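Everything on this sheet refers to the single structure shown next.
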Amino acid sequence: MEHLISCENVTKEETEEIINLAFKIRETIREGKKKFKALRGKCIINLFFEASTRTRTSFEKAGKFLSADVINISASASSVKKGETLIDTVKNLDMMHPDIIVLRHACEGACNTIIPHIDASIVNAGDGCHEHPSQALLDTMTIVENRENLEGLNVVIAGDIVHSRVARSNIILLKKLGANIFIFGPSTMMPRYPEALGVKVLSSFEEVAKIADVLILLRIQLERLNAKKVFPSLREYATFFGLNKNRLKMLKKDAIIMHPGPVNRGIEINNDVITSPKSVIFNQVENGLAVRMAILTTICGKKNKLLEELNA
Amino acid sequence: MNNLLIRGALVIDPSQNIEKRMDILIENDKIVKLEKNIPSAESTFIIDAEGLVLTPGFIDIHTHLRDPGYEWKEDIESGSLCAIAGGITSVCCMANTDPINDNATVTRYIIEKAKQVNLCDIFPVGALTKGLKGEEIAEIGQMVKAGIVAVSDDGEVPRDSKLLRNAFDYVKSFGIPILCHSEDKTLSTGGQMNEGYLSTLLGISGIPPEAEEIGTIRDIMIAKLTNAHIHICHVSAEGALKIIEKAKKEGVKVTCEITPHHFTLTENNVKTFDTNTKMSPPLRTAKDVEACKEAIAKDIADIIATDHAPHSKDEKMVEFSNAPYGIIGFPTLLPLSLTLVEEGILTLSKLVEKLSFKPAQIINRKDIGSLKPGQRANITIFDPEEEFILTEEMISSRSKNTPFLNQKLKGRVKLTVRNGRIVYNNL
């Protein structure tokens, strides 16, 4: 694996390898070991043009736990404010010989735009409404942890599918692993061509509850849409599409609930859901660190080295 | 006296139904004879065009020359050089310059500069509304006097239908067409590519074909109401073509154009996020491409025009959604159009009609678009079989923004004559 841009280019085998490695990493970390030498001498730049807590911290910790030199750059503190273009910014950073640039950017295809101009590997940490492949990998890991086999599993993704990179990456990857994907939410947030994604649209929460083995709730991205244009009020969204105590009871007994975070409490999710035994939201965060360590290690070609350390 | 005899070419002149091997004699800036075997003694300068095709110079009624104001993208000289290398001897340039061509002073500047450059006919298109703002009618009469051949708010769309009605009505008195960028911009707002399967996969905000259809219906209805001649620019959607077909049957004075990229490429070309596949209207689906070809075959699309829209590398080397819309069109007009002949969509003669005679009629120019003796000698000679790879060096435009760069194309311009003078020679 040279880059991680889109789940389109990640095979089933690669997914399994990354997830298996991530499980091993997580186990070792849980035992208290937080420093590995696998990426000593490697340099990773986290270049974030959009706000992020989880993803950025997760990538930063992942690099540091692996002993790589990690540099964090956020758009507000960079030359972008002085008018530098994305390509120029990345080209300049590339001249400092990083091994990996982790990029988050508001424009779809931002990674594709820069690849021809640089030598470093690129990891897409979210490009506009396009993809967020490391999130899909950590979500897959979380599902595998709870269900083992994804073949025939019914995964429902609920919320603003049109603007969700998490949804797109998850749909592509989980379908590759044999899951059936359904989407749910206000029609204004459903794609015009759901068949392009190979998903079915569900029309009521009753349907969702009946079918879902896994329910992934998406955050209502208030910053990405003028909410008033796609639904009348947050209250109305919560009433008809949010998950609450009553709806929680309707779900299958062994269903799990996921959310990429950050959550909007009282909108798509509330405290009853977050603290319910069905929720694996915080496991996702823990798995995120391990998956990202696995991704960085794999891209740097140091998997065997890390395995030696993990097995030691 | 300056004269020029071109011998042996396959002459195609749809205005006279000519398609045969003939010689053509030019004196000064006029065509004087079009006959078989004109004796060489009649001219001091003879060009052998054996095996080549000779047609009236191409007329591109939809272009952006960016002059005044955006000279880093293009200016009248670089645009003219690029046009003649593409066999285009007349171009109409849109009004979205800086300052905007919404008054006679700017019109006169363009005409004066075109005279100095003197490589091809440049016919300015005036703004329909002041500042392209869609609020007040521009001083169209003054601009007509200064030399505009049409009006258009291309790129922008007047949203106020009452104003549009008044503007259409007003333009009628001057006998020029209104070139319409037909789009409901309130529906397409924020869109970066065609709304379809691919935009769903890429997460890019879509421009539904319905935005074009609504715009087309609105403009046609106002044309019907006012009896003005409208020409719909760059039609790209199957639905819009159906609307135009129906309007034509009903006798509405509507003509339209299709660009080579819209009958050649589909939205799938956007998959790599190449900013040179971003234009407005966007590349649509394979079904729309088929509909465009059918419309060309059935004369629903009257002409082919390029919507030549230069943007510098600095502007296009950005993220897809931050890139400006548009590609250059002069270098690829002939080779892409010839594929229609190769695919049997239309005859070579029909194609030439759509590249010369018909556009001349739309802008009411009787001095161009034909090889009749007495006409101004604007002539294009090309080799329909010659293959070449389009390189940046071949493109005289200041901008190189085309998705066809470094691709193999077939059909190459060999000689361009304008006003009896050889302005481009690649023999």
Side-chain angles (χ1 to χ4, degrees), chain A residues 5-9 49-50 80 83-91 103 105-117 124 126-132 160-169 171-172 175 183 190-199 201 221 224-226 229-230, chain B residues 72 185-211 213 237 239 266-278 282-288 311-325 401 403 405-406:
Chain A
I5 308 297
S6 159
C7 288
E8 298 265 13
N9 308 320
F49 289 88
E50 276 187 329
V80 176
E84 194 172 49
T85 68
L86 172 66
I87 291 173
D88 287 337
T89 301
V90 176
K91 179 84 201 160
L103 179 72
H105 197 278
C107 293
E108 298 80 21
C111 298
N112 307 67
T113 302
I114 59 174
I115 278 185
H117 303 278
N124 182 2
D127 60 332
C129 304
H130 181 217
E131 283 216 43
H132 192 354
D160 185 3
I161 307 297
V162 169
H163 294 99
S164 175
R165 52 191 175 214
V166 174
R168 246 169 283 276
S169 284
I171 289 167
I172 296 166
K175 272 172 60 78
I183 55 176
M190 298 295 107
R192 179 177 177 180
Y193 300 105
E195 65 273 29
L197 295 165
V199 299
V201 183
Q221 302 180 71
R224 244 185 244 290
L225 44 91
N226 179 355
K229 280 191 183 169
V230 291
Chain B
W72 69 89
K185 287 216 171 189
T186 61
L187 180 58
S188 59
T189 181
Q192 306 288 330
M193 66 175 292
N194 182 49
E195 181 172 301
Y197 275 42
L198 192 64
S199 70
T200 309
L201 285 171
L202 300 183
I204 292 179
S205 179
I207 302 170
E210 286 79 1
E213 290 164 34
T266 68
E267 59 177 8
N268 280 335
N269 292 83
V270 182
K271 204 160 185 178
T272 56
F273 299 93
D274 178 359
T275 54
N276 285 335
T277 61
K278 181 176 176 184
L283 297 174
R284 306 265 189 206
T285 66
K287 203 158 166 265
D288 293 297
H311 291 293
S312 74
K313 268 193 191 156
D314 292 330
E315 293 158 298
K316 280 283 196 180
M317 272 178 68
V318 294
E319 309 83 343
F320 190 84
S321 35
N322 289 339
Y325 300 90
N401 53 314
L405 206 60
N406 301 318

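All values derive from a computational prediction rather than experimental measurement. Below, chains carry the letters A, B, ... as their sequence lines are ordered, and counting in each starts from 1.
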Passes side-chain hydrogen bond (donor to acceptor under 3.5 Å, both in side chains), Y193(A) versus E195(B)? Steps please.
CA-CA 9 Å; Y193(A) 300 105; E195(B) 181 172 301; 5.8 Å; no
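- No other option in L198(B), L201(B), T272(B) has as many heavy-atom pairs under 4.5 Å with chain A as L201(B).
- Distance check: E319(B) CD to N112(A) CG gives 11.5 Å after rounding to the nearest 0.5 Å.
- Taking chain B as the reference chain and counting heavy-atom pairs below 4.5 Å, the highest number among H105(A), E8(A), H117(A) is found for H105(A).
- Here the side chains of E108(A) and I204(B) are in contact, with some heavy-atom distance below 4.5 Å.
- Rounded to the nearest 0.5 angstrom, M317(B) CE and L86(A) CG are separated by 10.0 Å.
- For NZ of K185(B), the number of neighbouring non-hydrogen atoms (other residues, nucleotides, ligands) closer than 6.0 Å is greater than 12.
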Steps toward salt bridge (charged side-chain N to carboxylate O under 4.0 Å, His left out) verdict (R192(A), E210(B)):
CA-CA 13 Å; R192(A) 179 177 177 180; E210(B) 286 79 1; 2.7 Å; yes
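- We find the OG1-CD distance between T200(B) and E195(A) to be 8.0 Å, quoted to the nearest 0.5 Å.
- Minimum heavy-atom separation, V318(B) to I87(A): N-CD1, 4.3 Å.
- Distance check, rounded to the nearest 0.5 Å: OG of S321(B) to NE2 of H130(A) gives 12.0 Å.
- One finds the CD1 atom of I5(A) at 10.0 Å from the CZ atom of F273(B) (value rounded to the nearest 0.5 Å).
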